[in-house]
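Note sheet for the following structure.
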2 protein chains.
Amino acid sequence: METSAYAKDCPSRQILDRIGDTWSVLIVVMLADGPHRYTELAKRIEGVSPKMLTQTLRGLERDGLLSRTVHPVVPPRVDYALTSLGQSLYALVEGLEKWAEAHIDDVQAARVAYDAYSAK
Amino acid sequence: METSAYAKDCPSRQILDRIGDTWSVLIVVMLADGPHRYTELAKRIEGVSPKMLTQTLRGLERDGLLSRTVHPVVPPRVDYALTSLGQSLYALVEGLEKWAEAHIDDVQAARVAYDAYSAK
DNA sequence: CTTTCCACTATCCCGCGGGTAAGTACTGCA
DNA sequence: TGCAGTACTTACCCGCGGGATAGTGGAAAG
(Lines give C-alpha, C1' and ligand atoms only; values in the text may rest on other atoms or scores of the structure.)
Protein backbone atom coordinates (compact mmCIF):
# COMPACT_ATOMS: atom_id res chain seq x y z
CA MET A 1 0.00 0.00 0.00
CA GLU A 2 3.13 2.17 0.05
CA THR A 3 1.27 5.41 -0.54
CA SER A 4 2.96 7.04 -3.46
CA ALA A 5 5.09 9.44 -1.59
CA TYR A 6 6.83 8.45 1.58
CA ALA A 7 9.56 6.80 -0.44
CA LYS A 8 12.03 9.38 -1.67
CA ASP A 9 12.58 7.56 -4.94
CA CYS A 10 8.94 7.92 -5.91
CA PRO A 11 8.45 10.09 -9.01
CA SER A 12 5.56 12.01 -7.45
CA ARG A 13 7.60 12.85 -4.38
CA GLN A 14 10.43 14.28 -6.44
CA ILE A 15 8.17 16.43 -8.55
CA LEU A 16 6.26 17.54 -5.48
CA ASP A 17 9.46 18.63 -3.79
CA ARG A 18 10.45 20.57 -6.87
CA ILE A 19 7.07 22.29 -7.05
CA GLY A 20 7.18 23.01 -3.35
CA ASP A 21 10.55 24.71 -3.65
CA THR A 22 10.16 28.47 -3.66
CA TRP A 23 13.15 29.36 -5.78
CA SER A 24 12.71 26.58 -8.33
CA VAL A 25 9.23 27.71 -9.18
CA LEU A 26 10.19 31.37 -9.29
CA ILE A 27 13.05 30.62 -11.65
CA VAL A 28 10.86 28.55 -13.93
CA VAL A 29 8.31 31.34 -14.05
CA MET A 30 11.02 33.91 -14.77
CA LEU A 31 12.40 31.85 -17.62
CA ALA A 32 9.02 31.12 -19.13
CA ASP A 33 9.23 34.24 -21.28
CA GLY A 34 12.73 33.53 -22.55
CA PRO A 35 16.35 33.06 -21.49
CA HIS A 36 17.93 35.22 -18.80
CA ARG A 37 21.36 35.78 -17.31
CA TYR A 38 22.48 35.08 -13.78
CA THR A 39 22.44 38.68 -12.60
CA GLU A 40 19.10 39.33 -14.25
CA LEU A 41 17.58 36.50 -12.26
CA ALA A 42 19.30 37.70 -9.10
CA LYS A 43 17.86 41.18 -9.54
CA ARG A 44 14.35 40.22 -10.52
CA ILE A 45 13.85 37.47 -7.97
CA GLU A 46 13.71 39.54 -4.87
CA GLY A 47 15.22 38.02 -1.77
CA VAL A 48 17.25 35.20 -3.26
CA SER A 49 20.82 34.82 -2.05
CA PRO A 50 23.56 34.00 -4.57
CA LYS A 51 24.05 30.69 -2.84
CA MET A 52 20.46 29.62 -3.26
CA LEU A 53 20.26 30.97 -6.79
CA THR A 54 23.24 28.95 -7.93
CA GLN A 55 22.14 25.90 -5.97
CA THR A 56 18.65 25.97 -7.41
CA LEU A 57 19.85 26.60 -10.96
CA ARG A 58 22.18 23.60 -10.66
CA GLY A 59 19.35 21.40 -9.44
CA LEU A 60 17.08 22.43 -12.28
CA GLU A 61 19.85 21.93 -14.78
CA ARG A 62 20.63 18.51 -13.38
CA ASP A 63 17.02 17.48 -13.78
CA GLY A 64 17.06 18.60 -17.41
CA LEU A 65 14.54 21.37 -16.80
CA LEU A 66 16.77 24.17 -17.96
CA SER A 67 19.89 24.63 -20.03
CA ARG A 68 22.98 26.56 -19.02
CA THR A 69 24.99 28.22 -21.75
CA VAL A 70 28.39 29.69 -20.98
CA HIS A 71 29.75 32.28 -23.39
CA PRO A 72 33.55 32.28 -23.21
CA VAL A 73 33.92 36.04 -23.11
CA VAL A 74 35.24 38.42 -20.53
CA PRO A 75 33.48 39.31 -18.36
CA PRO A 76 31.75 35.93 -18.37
CA ARG A 77 28.21 35.59 -19.61
CA VAL A 78 25.89 32.72 -18.78
CA ASP A 79 22.40 32.26 -20.14
CA TYR A 80 19.73 30.11 -18.60
CA ALA A 81 16.74 28.90 -20.59
CA LEU A 82 13.94 26.39 -20.12
CA THR A 83 14.22 23.13 -22.00
CA SER A 84 11.08 21.62 -23.48
CA LEU A 85 10.85 19.51 -20.36
CA GLY A 86 11.02 22.66 -18.27
CA GLN A 87 8.31 24.23 -20.39
CA SER A 88 6.00 21.29 -19.83
CA LEU A 89 6.61 21.66 -16.09
CA TYR A 90 5.75 25.32 -16.40
CA ALA A 91 2.38 24.26 -17.78
CA LEU A 92 1.73 22.53 -14.48
CA VAL A 93 2.76 25.59 -12.51
CA GLU A 94 0.34 27.62 -14.57
CA GLY A 95 -2.37 25.14 -13.68
CA LEU A 96 -1.61 25.59 -10.02
CA GLU A 97 -1.77 29.35 -10.37
CA LYS A 98 -5.13 29.12 -12.10
CA TRP A 99 -6.45 26.95 -9.30
CA ALA A 100 -5.00 29.28 -6.70
CA GLU A 101 -6.67 32.30 -8.25
CA ALA A 102 -9.96 30.49 -8.64
CA HIS A 103 -10.13 29.15 -5.10
CA ILE A 104 -8.16 31.52 -2.92
CA ASP A 105 -11.36 33.27 -1.85
CA ASP A 106 -12.81 30.01 -0.60
CA VAL A 107 -9.62 29.22 1.28
CA GLN A 108 -9.43 32.63 2.85
CA ALA A 109 -13.08 32.55 3.84
CA ALA A 110 -12.52 29.16 5.45
CA ARG A 111 -9.56 30.54 7.36
CA VAL A 112 -11.46 33.53 8.66
CA ALA A 113 -14.34 31.29 9.75
CA TYR A 114 -11.96 28.84 11.41
CA ASP A 115 -10.05 31.52 13.26
CA ALA A 116 -13.22 33.24 14.42
CA TYR A 117 -14.52 29.97 15.79
CA SER A 118 -11.26 29.06 17.50
CA ALA A 119 -10.83 32.44 19.12
CA LYS A 120 -14.29 32.35 20.60
CA MET B 1 6.53 42.92 -12.04
CA GLU B 2 6.34 41.48 -8.50
CA THR B 3 6.74 37.92 -9.70
CA SER B 4 3.81 36.08 -8.30
CA ALA B 5 5.47 34.43 -5.42
CA TYR B 6 7.90 36.31 -3.26
CA ALA B 7 5.04 37.90 -1.40
CA LYS B 8 3.63 35.51 1.18
CA ASP B 9 0.12 36.77 0.65
CA CYS B 10 0.12 35.69 -2.98
CA PRO B 11 -2.42 32.95 -3.72
CA SER B 12 0.04 30.97 -5.82
CA ARG B 13 2.61 30.98 -3.04
CA GLN B 14 0.16 29.61 -0.51
CA ILE B 15 -1.03 26.82 -2.77
CA LEU B 16 2.54 26.01 -3.75
CA ASP B 17 3.53 25.69 -0.11
CA ARG B 18 0.61 23.40 0.50
CA ILE B 19 1.47 21.21 -2.48
CA GLY B 20 5.09 21.15 -1.46
CA ASP B 21 4.24 19.95 2.02
CA THR B 22 4.85 16.21 2.31
CA TRP B 23 2.22 15.39 4.89
CA SER B 24 -0.50 17.60 3.44
CA VAL B 25 -0.31 15.86 0.10
CA LEU B 26 -0.15 12.40 1.65
CA ILE B 27 -3.22 13.10 3.73
CA VAL B 28 -5.16 14.44 0.77
CA VAL B 29 -4.26 11.34 -1.21
CA MET B 30 -5.25 9.07 1.66
CA LEU B 31 -8.60 10.78 2.03
CA ALA B 32 -9.33 10.75 -1.69
CA ASP B 33 -11.03 7.36 -1.43
CA GLY B 34 -13.19 8.31 1.53
CA PRO B 35 -13.13 9.46 5.17
CA HIS B 36 -10.63 8.08 7.65
CA ARG B 37 -9.97 8.23 11.38
CA TYR B 38 -6.95 9.69 13.11
CA THR B 39 -5.33 6.38 13.96
CA GLU B 40 -5.98 5.00 10.49
CA LEU B 41 -4.09 7.90 9.00
CA ALA B 42 -1.32 7.50 11.56
CA LYS B 43 -0.90 3.83 10.67
CA ARG B 44 -1.11 4.11 6.91
CA ILE B 45 1.06 7.19 6.50
CA GLU B 46 4.37 5.71 7.39
CA GLY B 47 6.77 7.94 9.27
CA VAL B 48 4.44 10.71 10.38
CA SER B 49 4.68 11.76 14.03
CA PRO B 50 1.47 12.51 15.97
CA LYS B 51 2.59 16.10 16.23
CA MET B 52 2.89 16.57 12.51
CA LEU B 53 -0.26 14.62 11.77
CA THR B 54 -2.34 16.82 14.06
CA GLN B 55 -0.61 19.97 12.89
CA THR B 56 -1.14 19.15 9.24
CA LEU B 57 -4.76 18.10 9.74
CA ARG B 58 -5.44 21.39 11.50
CA GLY B 59 -3.88 23.33 8.67
CA LEU B 60 -5.91 21.54 6.04
CA GLU B 61 -9.08 21.98 8.08
CA ARG B 62 -8.38 25.68 8.53
CA ASP B 63 -8.02 26.08 4.79
CA GLY B 64 -11.36 24.37 4.25
CA LEU B 65 -9.80 21.44 2.43
CA LEU B 66 -11.06 18.80 4.81
CA SER B 67 -13.76 18.43 7.44
CA ARG B 68 -13.27 17.13 10.94
CA THR B 69 -16.17 15.32 12.56
CA VAL B 70 -16.06 14.47 16.23
CA HIS B 71 -18.35 11.69 17.43
CA PRO B 72 -19.12 12.20 21.13
CA VAL B 73 -18.61 8.58 22.11
CA VAL B 74 -16.17 6.85 24.39
CA PRO B 75 -13.52 6.16 23.39
CA PRO B 76 -13.51 9.25 21.14
CA ARG B 77 -13.84 8.92 17.41
CA VAL B 78 -12.91 11.57 14.87
CA ASP B 79 -13.43 11.31 11.13
CA TYR B 80 -11.59 13.33 8.54
CA ALA B 81 -12.93 13.73 5.02
CA LEU B 82 -12.13 15.87 2.01
CA THR B 83 -14.46 18.76 1.30
CA SER B 84 -15.35 19.55 -2.30
CA LEU B 85 -12.58 22.12 -2.22
CA GLY B 86 -10.20 19.43 -1.05
CA GLN B 87 -11.33 17.17 -3.86
CA SER B 88 -10.65 19.81 -6.44
CA LEU B 89 -7.17 20.19 -4.99
CA TYR B 90 -6.74 16.44 -5.25
CA ALA B 91 -7.41 16.76 -8.96
CA LEU B 92 -4.31 18.96 -9.18
CA VAL B 93 -2.25 16.46 -7.23
CA GLU B 94 -3.36 13.76 -9.63
CA GLY B 95 -2.22 15.97 -12.49
CA LEU B 96 1.18 16.29 -10.89
CA GLU B 97 1.41 12.53 -10.46
CA LYS B 98 0.52 12.00 -14.09
CA TRP B 99 3.22 14.41 -15.15
CA ALA B 100 5.70 12.79 -12.81
CA GLU B 101 5.03 9.34 -14.22
CA ALA B 102 5.18 10.59 -17.78
CA HIS B 103 8.45 12.49 -17.41
CA ILE B 104 10.39 10.83 -14.63
CA ASP B 105 12.43 8.87 -17.16
CA ASP B 106 13.53 12.07 -18.86
CA VAL B 107 14.46 13.61 -15.54
CA GLN B 108 16.41 10.59 -14.41
CA ALA B 109 18.22 10.32 -17.71
CA ALA B 110 19.15 13.98 -17.42
CA ARG B 111 20.48 13.39 -13.92
CA VAL B 112 22.59 10.44 -14.96
CA ALA B 113 24.03 12.42 -17.85
CA TYR B 114 24.69 15.44 -15.66
CA ASP B 115 26.40 13.40 -12.95
CA ALA B 116 28.50 11.49 -15.45
CA TYR B 117 29.68 14.74 -16.97
CA SER B 118 30.43 16.38 -13.63
CA ALA B 119 32.32 13.41 -12.26
CA LYS B 120 34.56 13.28 -15.29
C1' DC C 1 48.39 49.63 -11.34
C1' DT C 2 44.18 49.58 -9.39
C1' DT C 3 39.42 49.07 -10.06
C1' DT C 4 35.39 46.99 -12.04
C1' DC C 5 32.55 43.50 -13.80
C1' DC C 6 30.45 38.75 -13.77
C1' DA C 7 29.49 34.38 -12.09
C1' DC C 8 30.26 31.95 -9.01
C1' DT C 9 32.43 29.23 -4.49
C1' DA C 10 33.54 28.76 0.32
C1' DT C 11 32.85 29.38 5.10
C1' DC C 12 30.54 30.40 9.23
C1' DC C 13 26.58 30.67 11.95
C1' DC C 14 21.82 30.98 13.54
C1' DG C 15 16.83 29.88 13.65
C1' DC C 16 13.33 26.80 13.48
C1' DG C 17 11.09 22.74 11.70
C1' DG C 18 10.21 18.53 13.17
C1' DG C 19 11.21 14.24 16.14
C1' DT C 20 10.81 11.97 20.67
C1' DA C 21 8.61 11.34 24.82
C1' DA C 22 5.61 12.15 28.30
C1' DG C 23 1.22 14.22 30.00
C1' DT C 24 -4.15 14.79 29.70
C1' DA C 25 -9.09 13.73 29.83
C1' DC C 26 -12.74 10.62 29.75
C1' DT C 27 -15.12 6.19 30.51
C1' DG C 28 -16.12 1.40 30.44
C1' DC C 29 -14.60 -3.15 31.60
C1' DA C 30 -12.24 -6.58 34.49
C1' DT D 1 -8.80 -0.05 41.70
C1' DG D 2 -6.62 0.43 37.67
C1' DC D 3 -5.75 -0.35 33.05
C1' DA D 4 -6.74 0.21 28.14
C1' DG D 5 -7.97 2.87 24.23
C1' DT D 6 -8.49 7.48 21.53
C1' DA D 7 -7.04 11.81 20.14
C1' DC D 8 -4.57 14.83 21.09
C1' DT D 9 -1.08 18.74 23.66
C1' DT D 10 3.11 20.23 25.68
C1' DA D 11 8.04 20.48 26.50
C1' DC D 12 12.50 19.80 25.11
C1' DC D 13 16.21 19.22 21.93
C1' DC D 14 18.92 18.67 17.81
C1' DG D 15 20.24 18.92 12.84
C1' DC D 16 20.54 21.40 8.83
C1' DG D 17 18.69 24.59 5.44
C1' DG D 18 19.63 28.82 4.12
C1' DG D 19 21.38 33.83 5.01
C1' DA D 20 25.37 36.86 5.23
C1' DT D 21 29.89 37.76 4.02
C1' DA D 22 34.17 37.28 1.87
C1' DG D 23 37.15 35.34 -1.70
C1' DT D 24 38.48 33.99 -6.85
C1' DG D 25 39.94 34.86 -11.68
C1' DG D 26 40.95 37.28 -15.72
C1' DA D 27 40.57 40.96 -18.95
C1' DA D 28 39.66 45.60 -20.01
C1' DA D 29 38.98 50.29 -18.71
C1' DG D 30 40.58 54.45 -16.48
Side-chain angles (χ1 to χ4, degrees), chain A residues 5-8 13-14 16-27 30-31 35-63 66-81 114-115 117-119, chain B residues 5-8 13-14 16-27 30-31 35-63 66-81 114-115 117-119:
Chain A
Y6 183 62
K8 301 177 191 69
R13 186 69 256 140
Q14 297 181 40
L16 252 19
D17 286 343
R18 183 62 72 198
I19 295 286
D21 183 45
T22 312
W23 306 126
S24 290
V25 176
L26 285 179
I27 290 173
M30 289 287 313
L31 293 181
H36 287 285
R37 307 181 54 180
Y38 184 88
T39 40
E40 285 172 5
L41 295 170
K43 270 177 222 158
R44 296 182 57 188
I45 301 179
E46 198 183 352
V48 69
S49 65
K51 175 183 171 178
M52 285 316 294
L53 183 54
T54 300
Q55 205 173 96
T56 308
L57 286 168
R58 288 289 187 278
L60 291 168
E61 187 196 355
R62 191 173 104 98
D63 286 0
L66 58 79
S67 64
R68 180 170 177 271
T69 311
V70 181
H71 304 271
V73 297
V74 174
R77 174 189 175 95
V78 182
D79 282 324
Y80 295 93
Y114 184 93
D115 292 347
Y117 182 79
S118 311
Chain B
Y6 183 61
K8 300 177 192 66
R13 187 68 256 141
Q14 297 180 40
L16 251 19
D17 286 342
R18 182 62 73 197
I19 295 285
D21 182 45
T22 310
W23 306 126
S24 291
V25 176
L26 284 179
I27 290 173
M30 288 288 312
L31 292 180
H36 287 286
R37 306 180 55 182
Y38 184 88
T39 41
E40 285 172 6
L41 295 171
K43 270 177 224 160
R44 296 182 56 189
I45 300 179
E46 197 184 352
V48 69
S49 66
K51 175 182 169 180
M52 284 316 293
L53 183 54
T54 301
Q55 205 174 93
T56 309
L57 286 168
R58 289 286 187 281
L60 290 169
E61 187 197 355
R62 191 172 104 98
D63 286 0
L66 58 79
S67 63
R68 181 171 177 271
T69 312
V70 181
H71 303 273
V73 297
V74 173
R77 174 191 175 92
V78 183
D79 281 324
Y80 296 93
Y114 184 92
D115 292 346
Y117 182 79
S118 312

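In what follows, every chain begins at residue 1, and chains take the letters A, B, ... in the order their sequences are listed. Every heavy atom of this structure was used, including side-chain atoms; hydrogens, water molecules and symmetry mates were not.
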Q | Shortest non-hydrogen contact between B:Leu66 and B:Tyr80, atoms and distance | A |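 That closest heavy-atom pairing would be CD1-CD2, 3.8 Å.
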Is the shortest side-chain heavy-atom distance between [X] and [Y] below 4.5 Å?
X       : Y       : value
B:Gln55 : B:Arg58 : no
B:Ile27 : B:Leu53 : yes
B:Arg68 : B:Leu57 : no
A:Leu16 : A:Arg13 : yes
A:Thr56 : A:Val48 : no

Between [X] and [N], is there a contact of a side-chain N or O with OP1 or OP2 at under 4.0 Å?
X       : N     : answer
B:Thr39 : D:dA7 : yes
A:Tyr38 : C:dC5 : no
B:Arg37 : D:dT6 : no
B:Arg68 : D:dC8 : yes
B:Arg77 : D:dA7 : no
B:Tyr80 : D:dA7 : no

Q: Report, as a single string ordered 5' to 3', how protein heavy atoms within less than 4.0 Å touch nucleotides 12-30 of chain C: B base, S sugar-phosphate only, - not at all.
A: ------BBB------S---
Write down the distance between [atom1] ([X]) and [atom2] ([N]), rounded to a whole number of angstrom.
X       : N      : atom1 : atom2 : value
A:His71 : D:dG26 : NE2   : C1'   : 18 Å
A:Leu57 : C:dC6  : CG    : P     : 17 Å
B:Glu40 : D:dG5  : CD    : P     : 16 Å
B:Leu53 : D:dT9  : CG    : P     : 11 Å

Q: Go through the structure and list residues passing side chain to side chain donor-acceptor pair (under 3.5 Å) with A:Arg18, not counting sequence neighbours.
A: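 Testing A:Arg18 for side chain to side chain donor-acceptor pair (under 3.5 Å), a comparison that skips the adjacent residues, returns A:Ser24, A:Asp63.
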Q.
Let's see if you can work this out: which of C:dA7, D:dC8, C:dT9 has an atom nearest to the side-chain heavy atoms of A:Val78?
A.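 The answer is C:dA7, which lies nearest to the side chain.
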